[in-house]
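Working notes, beginning with the structure itself.
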2 protein chains.
Amino acid sequence: MNVHLSSYLCTSKHKMSEVQKSELKRKALVDATISLVNNNGFHATPISKIAKIASVSPATIYLYFENKQDLVNKIYLQVKEEFTSYSFANYSEETPVEQSFKEIWNRIAQFKMGRMDKAIFLAQCDNTPVIDESSRQEGIKHLQPLLDVWNRGKEDQLIKPLSDYLLYAYTINPLSFLIVMQQQGSFKIEAQHLEEAYQAAWNSIKL
Amino acid sequence: MNVHLSSYLCTSKHKMSEVQKSELKRKALVDATISLVNNNGFHATPISKIAKIASVSPATIYLYFENKQDLVNKIYLQVKEEFTSYSFANYSEETPVEQSFKEIWNRIAQFKMGRMDKAIFLAQCDNTPVIDESSRQEGIKHLQPLLDVWNRGKEDQLIKPLSDYLLYAYTINPLSFLIVMQQQGSFKIEAQHLEEAYQAAWNSIKL
DNA sequence: CGAGGATAAATGAACGTTCATTCTTTTTTA
DNA sequence: TAAAAAAGAATGAACGTTCATTTATCCTCG
């Protein structure tokens with residue numbers, strides 16, 4: 001039977017930490033998957049290895065996910081959701097465009113620097129055919145606040161009237177590239193670089 | 001025995017197209033690999049399928065490449081070399097910095113648009129752990145002329161004194177992102193977009 | 001409150017398939 | 001006719017997934 005269902009029904013008293021035992025196990029699976037996929041790629045990562053690193057039997061994974069594809073789809077959507085809810089946590093439609101963009105950009109940078117493994121995992125899923133098309137579509141929706149800021153910026157003639165894909169390519173995507181380079185050991189991102197990066201991003205789209 | 005060796009030794013008369021038969025076969029293997037890896041990912045692409053699409057026996061692949069890893073390493077380096085020699089074909093150290101950068105940028109864009117499958121293949125290899133570290137290092141060397149232009153630009157105070165990784169992230173990498181989006185069917189790159197993209201690139205790094 | 005039977009969760013071993021690679025034979029080339 | 005190239009079938013290992021069984025949890029009743 002599905003693991004999550006019982007978590008809701010379980011109303012026992014003498015179980016405090018145990019109520020979340022399945023959540024801990026799930027987290028271990030997520031972390032193991034992210035780390036292995038980042039280092040070996042999805043199809044070079046066997047279920048058996050994910051299980052071993054998460055200290056779980058391979059069969060247990062199938063209590064949490066339908067199959068290997070479902071595993072990566074679900075983890076992708078979960079991490080994407082973590083990423084965007086962190087990035088837009090302080091978002092308000094009242095904030096002026098330039099300031100709002102800067103705040104979002106900084107939180108995106110903070111997330112990518114602080115949760116580097118998750119950022120790299122997202123980059124790999126976004127750029128290669130490992131996740132389902134429907135999961136990819138689903139993931140894009142979460143970016144709406146950023147698109148809203150850009151639209152306000154275009155209306156107010158503060159931001160060039162460019163396609164959202166171009167705006168993304170020149171302001172957000174460079175961060176993914178830098179993170180990947182850092183993981184590959186080619187480059188070390190310092191605080192100074194982040195300031196320069198923000199200036200480059202803003203210069204590329206400001207009117 | 002190795003296939004290439006005999007190509008050099010073969011001096012027969014009544015073989016015109018046949019001299020390059022092995023080259024044709026190799027090209028078929030390269031094309032099949034690029035297409036399949038782009039659509040399925042490297043580890044989800046069986047040797048047997050590459051062989052079928054290239055109209056060749058699986059065993060024949062092992063006459064051209066040592067193993068599957070060697071296959072992707074060699075193809076990566078070959079395509080990277082095609083990419084850079086196209087991009088720097090008209091390069092001259094005499095050309096002024098801004099013009100030189102623009103010319104290189106345009107040829108890079110031309111290559112990526114005209115050989116989209118190869119551009120996507122490179123992007124996938126550059127961003128995921130499919131190729132060997134040594135091949136990756138080898139591939140980076142080919143970008144030297146671009147780094148030279150940037151260095152001249154920094155000396156002449158035409159370009160911000162940024163790390164080459166930042167300059168790459170903001171001027172070249174966005175093109176890779178846009179190409180991947182186009183392949184995924186989310187975005188269609190028009191001539192207009194390329195002009196806008198160049199302006200964004202230059203604005204992000206110019207002093 | 002505490003034991004024990006029922007139910008759910010977790011496991012390791014097993015299954016069937018697929019894959020990379022090799023071996024033997026056939027075909028092509030010189 | 002000899003030597004290289006190509007082929008298809010064979011091999012052994014690895015994988016995703018399932019199954020039968022064990023272990024942990026829960027609820028009821030003494």
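Labels below follow one simple rule: chain letters A, B, ... track the order of the sequence lines, proteins then strands, and each chain is numbered from 1. Heavy-atom basis, side chains included; hydrogens, waters and symmetry copies ignored.
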Taking atom C1' of C:dT11 as reference, at what distance in whole Å does atom OH of A:Tyr64 sit? 13 Å
Can you check the B:Arg26 CZ to D:dA6 P distance for me, whole Å? 13 Å
Between A:Glu82 and A:Lys118, does any side-chain N to carboxylate O distance fall below 4.0 Å? yes
What is the separation between atom CG on A:Leu29 and atom P on C:dA10, rounded to the nearest whole Å? 10 Å
Measure CG/B:Leu63 against C1'/D:dA3 and give the value in whole Å, please. 14 Å
Aromatic B:Phe88 / basic B:Arg107 pairing, under 6.0 angstrom, 45° off normal: no
Does A:Lys25 put a side-chain nitrogen or oxygen below 4.0 Å from OP1 or OP2 of C:dA9? no
Extract the stems that DNA chain C is part of, considering only consecutive pairing runs of at least three Watson-Crick or G-U wobble pairs, both distances under 3.5 Å. C:1-30 with D:1-30
A correct 5'-to-3' footprint of nucleotides 12-25 of chain C, with B, S and - meaning base, sugar-phosphate only and no protein heavy atom under 4.0 Å, is B------SSBBB--
Quick check for you: to the nearest 0.5 Å, what is the distance between A:Lys154 atom NZ and A:Leu147 atom CG? 8.0 Å
Treating A:Asn38 as the side-chain partner and A:Asp117 as the backbone partner, does any N or O pair qualify as donor plus acceptor under 3.5 Å? yes
Between A:Arg26 and A:Phe65, is the side chain to side chain contact (heavy atoms under 4.5 Å, CB included) condition met? List the steps. CA-CA 10 Å; A:Arg26 194 182 196 280; A:Phe65 304 96; 3.6 Å; yes
Quick one: A:Lys52 NZ to C:dT11 P, roughly how many Å, whole number? 14 Å
Name each donor-acceptor pair under 3.5 Å that joins a side chain in residues 30-37 of chain B to protein atoms two or more places apart or in another chain, with its distance.
residue : atom : partner : partner atom : Å
B:Asp31 : OD2  : B:Lys27 : NZ           : 2.8
B:Thr33 : OG1  : B:Leu29 : O            : 2.7

Which atom names give the shortest non-hydrogen contact between A:Thr171 and A:Ala201, and what distance separates them? CG2-O, 3.6 Å
Is there side-chain contact between A:Ser100 and A:Ile104, with at least one heavy-atom pair below 4.5 Å? yes
Mind checking B:Lys49 for me? I need base, sugar-phosphate or nothing, with any heavy atom below 4.0 Å counting as a touch. nothing
